Amino acid sequence: MSVNFDSIISTSSSEEDFLKIFEDAFSQENQLLLEAHRTILTACYRNPGLSPTLKANTPEALAKAWLKKYNDSYENRISRRISQLPGTVADPIVSIIINARLIGLTTEHLEQIKYAHRLSMSAENIQGLLLEEFLAEQLADYGWYCCWGESVRHVDFCNVDGSLLQIKNRSNSENSSSSRVRINQPIEKWYRVDARTGSYRWFYFNDKYDTDRFSEENFVAFVQQVLIGNPDALAIEVNNPWKGLSDSSN
């Protein structure tokens, strides 16, 4: 019979008993139970509805699976990962629609528009990961730990004081399932930019922690630093007409 987080939580006599299962399993992998692990796992114990949907044959196997998922995500964070190229082909009808409205566009223009759109989509696909890693670095000094690998569902950061935080890039990017969970769970919500006004909300953290380290300027600098250090974070298709601009700068 398989076990999951709910069954381990329900059969644990205490929070420490629950954490001991993970500590013992981690030691078999030569891994200490770090404060980050303890903070996130404590959040799972105190909020069972947010626990990841992992299953295994034994509690020890589940703990090891959780650790692997967490570590794999951390090791593959956006500053280190090689992003995949788009897995779909462009629909030619899009260019036809654009050309029917803007009849002066040449075939070359339409190709540029197509690849500009695909490149923008690739950039949008990693902006949330960039924001997550930036905040992981900045919030660490205030007791927050990133929940790498979706180690807690619907939560991006857990604090040593038990607080839970979900982050979004834009105010309109939240999915309905997380909205329903948040009504019944003490999860703080923060988004970087108001989609209606374009205003940034870094003041939330600056006011809370009496600092000025959270800013769009610092985030931009972080993004540039990541892409310079790891160009493969943004996948560029071979036929992209601007690919040579990147290659020639290396």
Side-chain angles (χ1 to χ4, degrees), residues 36 39-40 73-84 86 112-113 115-152 154-161 163-176 178-179 181-182 186-236 240 242-243 245-246 249-250:
T39 299
I40 297 169
S73 178
Y74 175 73
E75 293 299 329
N76 197 40
R77 61 195 185 277
I78 192 60
S79 63
R80 300 183 62 172
R81 69 179 274 181
I82 298 176
S83 294
Q84 298 297 311
Q112 290 176 341
I113 291 170
Y115 279 105
H117 171 69
R118 290 170 69 80
L119 183 58
S120 292
M121 292 293 289
S122 293
E124 288 183 5
N125 287 339
I126 68 170
Q127 65 181 1
L129 300 175
L130 288 161
L131 180 62
E132 179 181 60
E133 188 171 342
F134 173 72
L135 287 175
E137 291 186 3
Q138 300 300 318
L139 288 171
D141 290 339
Y142 305 102
W144 291 99
Y145 290 101
C146 184
C147 304
W148 302 107
E150 297 181 343
S151 39
V152 180
H154 308 304
V155 173
D156 298 303
F157 291 87
C158 295
N159 196 284
V160 292
D161 67 5
S163 300
L164 306 173
L165 174 66
Q166 183 188 85
I167 64 165
K168 295 292 179 182
N169 189 61
R170 292 169 65 85
S171 58
N172 64 341
S173 60
E174 180 181 20
N175 61 53
S176 58
S178 61
S179 293
V181 168
R182 188 173 304 104
I187 305 175
E188 298 176 42
K189 173 188 172 183
W190 176 84
Y191 51 86
R192 168 178 155 263
V193 61
D194 189 313
R196 295 171 301 173
T197 66
S199 60
Y200 299 108
R201 295 181 53 84
W202 297 108
F203 65 84
Y204 177 85
F205 297 118
N206 288 327
D207 292 350
K208 188 171 185 176
Y209 297 115
D210 190 25
T211 182
D212 60 0
R213 69 192 296 179
F214 299 92
S215 68
E216 190 65 13
E217 292 76 17
N218 287 344
F219 180 49
V220 168
F222 172 81
V223 169
Q224 293 171 333
Q225 176 186 342
V226 168
L227 270 297
I228 290 172
N230 179 27
D232 289 331
L234 177 62
I236 302 178
N240 187 296
W242 299 288
K243 182 174 174 58
L245 297 178
S246 173
S249 65
N250 292 336

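Predicted model, so just to flag it, every value in this text is computed and none were measured. Just so it is clear, the values below take in all heavy atoms, side chains as well, and ignore hydrogens, waters and symmetry mates. This chain uses plain numbering: 1 for the first residue, then up along the sequence.
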Quiz item: What are the two closest non-hydrogen atoms of Y191 and R201, and how far apart are they?
Solution: CE1-CD, 2.9 Å
Quiz prompt | Nearest-0.5 Å distance that lies between atom CG in L164 and atom NE2 in H154 | solution = 12.0 Å
Quiz item: Are any side-chain N or O atoms of N169 and backbone N or O atoms of G128, one a donor and one an acceptor, separated by less than 3.5 Å?
Solution: no
Quiz item: Does the side chain of Q112 reach to within under 4.5 Å of the side chain of W242, using non-hydrogen atoms?
Solution: yes
Quiz item: Are more than 12 heavy atoms from other residues, nucleotides or ligands located less than 6.0 Å from atom CD of Q84?
Solution: no
Practice problem: Write down the atom of L227, the atom of A233, and the distance for their closest heavy-atom approach. | Solution: CD1-CB, 4.2 Å
Quiz item: What are the two closest non-hydrogen atoms of S83 and L234, and how far apart are they?
Solution: OG-N, 4.4 Å
Quiz prompt | Closest heavy-atom pair and its distance - S122, P86 | solution = OG-CG, 3.9 Å
Exercise. Evaluate side-chain contact (heavy atoms from CB on, under 4.5 Å) for F205 paired with R213, printing each intermediate quantity in order.
Key: CA-CA 9 Å; F205 297 118; R213 69 192 296 179; over 6 Å; no
Quiz item: Going by the angle between their ring planes, with limits at 30° and 60°, are W202 and W190 parallel, tilted or perpendicular?
Solution: tilted
Quiz prompt | Test item: S73 side-chain N/O and W148 main-chain N/O as donor-acceptor pair under 3.5 Å | solution = no
Quiz item: When rounded to the nearest 0.5 angstrom, what distance separates CH2 in W144 from CZ in F157?
Solution: 9.0 Å
Quiz item: Looking at CG of D156 and NZ of K189, how far apart are the two atoms once the value is rounded to the nearest 0.5 Å?
Solution: 12.5 Å
Self-check item: Heavy-atom closest pair, residues F134 and S215
Solution: CZ-O, 4.5 Å
Quiz item: Atom CD1 of I78 and atom CD1 of I126: how far apart are they, to the nearest 0.5 Å?
Solution: 4.5 Å
Quiz item: What are the two closest non-hydrogen atoms of I228 and P231, and how far apart are they?
Solution: O-CD, 3.8 Å
Practice problem: Please report the C-alpha distance between K208 and E188 in whole Å, then the side-chain angles of each, then the deciding distance to 0.1 Å, and finally whether the salt bridge (charged side-chain N to carboxylate O under 4.0 Å, His left out) criterion is met. | Solution: CA-CA 13 Å; K208 188 171 185 176; E188 298 176 42; 3.1 Å; yes
Quiz item: Any chance the side chains of Q138 and Y209 put a donor and an acceptor closer than 3.5 Å?
Solution: no
Quiz item: Would you say the side-chain atoms of N218 pair up with the backbone N or O of F214, donor to acceptor, closer than 3.5 Å?
Solution: no
Quiz item: Just by distance, do the side chain of S171 and the backbone of A195 share a donor-acceptor pair under 3.5 Å?
Solution: yes
Quiz prompt | Gap separating the CG atom of N230 from the CZ atom of R80, nearest 0.5 angstrom | solution = 9.5 Å
Practice problem: May I ask you to decide whether R81 forms a salt bridge with E133, counting only side-chain N to carboxylate O separations under 4.0 Å? | Solution: no
Quiz item: So how far is it from N76 CG to I82 CD1, rounded to the nearest 0.5 Å?
Solution: 9.0 Å
Self-check item: Whether over 12 other heavy atoms sit under 6.0 Å from Y115 OH
Solution: yes
Quiz item: Would you say N159's side chain and Y142's backbone share a donor-acceptor pair under 3.5 angstrom?
Solution: yes
